[in-house]
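Here the structure is laid out as structure tokens; the discussion comes afterwards.
Just so you know, these numbers come straight off a predicted model, no measurement behind them.
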Amino acid sequence: MIDVRRSGDRYRGGEAAAGIESCHAFSFGPHYDPDNLRFGAILACNEERLGPGAGFDEHPHSHTEIVTWVVSGELTHRDSAGHVSRVVPGDVQRLSAGGGVRHVERNDGTEPLVFVQMWLAPLEPGGEPSYEVVHGIADSTPYEVPAAGALLHVRRPAAGERLALPDAPFVYVHVVHGELALAHDRLGPGDSARISGEAGLEGVASSGTAELLIWEMTSAS
């Protein structure tokens with residue numbers, strides 16, 4: 001099954017007066033949808049846009065694997081475990097909330113910040129929080145989130161290039177840039193596809209160089 005979701009159908013949130021615009025692919029906060037709570041391990045896939053100086057003040061997380069991909073601009077991260085970092089396009093940031101952690105996310109730069117943040121359910125709750133940033137991840141280099149039984153593939157296919165999607169129980173594709181032809185659909189920026197029970201599936205980049213975030217997941221729990 002291939003379930004395509006369009007960028008324009010995301011739940012809109014944020015706080016415009018504070019320079020925050022949010023678009024949610026899954027049930028989130030006041031946008032409760034019992035039929036759209038998760039896919040595989042993914043609980044949320046949020047597109048966040050922060051104006052210069054805007055951000056999310058300190059807030060808590062627990063029992064969640066949080067993976068962030070910066071599209072443009074620079075993200076400042078600080079957390080209660082003492083980590084301070086700046087994350088730029090090409091970096092993968094992961095915050096494993098464990099039994100509980102608090103963090104701050106801000107745009108301390110002078111240009112708009114856009115990032116995609118994905119929340120995954122761990123296979124087992126609790127544990128100690130942990131944090132890392134992998135700088136400049138290369139095309140086709142998988143990033144493992146073992147606590148959630150998931151692999152993130154960052155792909156940047158050129159126009160006309162074919163790419164094989166993982167043969168896994170659950171595959172989630174998010175288009176960051178460009179276009180992807182997938183079966184009978186064409187996906188553009190912000191669009192996503194939830195794929196299950198499909199073997200040997202291929203996609204074709206159809207406009208310039210695309211940038212794709214592809215999750216390969218083994219379990220829904």
If you define the side chain from C-beta out and look only at heavy atoms, does anything of V4 sit under 4.5 Å from H184? no
N107 side-chain N/O to G51 backbone N/O, donor-acceptor pair under 3.5 Å: yes
Got a donor-acceptor contact below 3.5 angstrom from the H61 side chain to the H59 backbone? no
CD1 of I42 to CG of L37: how many Å apart, nearest 0.5 Å? 14.0 Å
Please confirm whether H77 and Y131 have ring centers closer than 6.0 angstrom. yes
Here the gap from I195 atom CD1 to F170 atom CZ, rounded to the nearest 0.5 Å, amounts to 12.5 Å
Which of these passes side chain to side chain contact (heavy atoms under 4.5 Å, CB included) with V204: E161, R162, R186? R162
Only one of E48, E47, E105 passes side chain to side chain donor-acceptor pair (under 3.5 Å) with Q117; say which it is. E105
Distance check, rounded to the nearest 0.5 Å: T68 atom OG1 versus R94 atom CZ? 11.0 Å
Rounded to the nearest 0.5 Å, the CG atom of L212 sits from the CG atom of L182 at a distance of 10.0 Å
Are W69 and H174 an aromatic pair, judged by ring center distance below 6.0 Å? no
Which class fits the ring pair Y11 and H31: parallel under 30°, tilted 30 to 60°, perpendicular over 60°? parallel
Is a side-chain donor or acceptor of R5 paired with a backbone partner of S7 at a separation under 3.5 angstrom? no
F56 vs F115 aromatic rings, parallel, tilted or perpendicular, using cut-offs 30° and 60°? perpendicular
Any salt bridge between R155 and D139, counting N to O under 4.0 Å? yes
Would a single hydrophobic cluster contain both V92 and V175, if residues Ile, Leu, Val, Met, Phe, Trp and Tyr are joined by side-chain heavy-atom contacts under 4.5 Å? no
So does G136 get a backbone contact from the side chain of D91, meaning a donor-acceptor N/O pair under 3.5 Å? yes
What's the spacing between E65 CD and L123 CG if we round to 0.5 Å? 9.0 Å
Could you give me the CA-CA distance, side-chain angles and deciding distance for F28 and S22, then say whether side-chain contact (heavy atoms from CB on, under 4.5 Å) is met? CA-CA 11 Å; F28 198 93; S22 303; over 6 Å; no
Measuring from L151:CG to Y143:OH, what's the distance to the nearest 0.5 Å? 11.0 Å
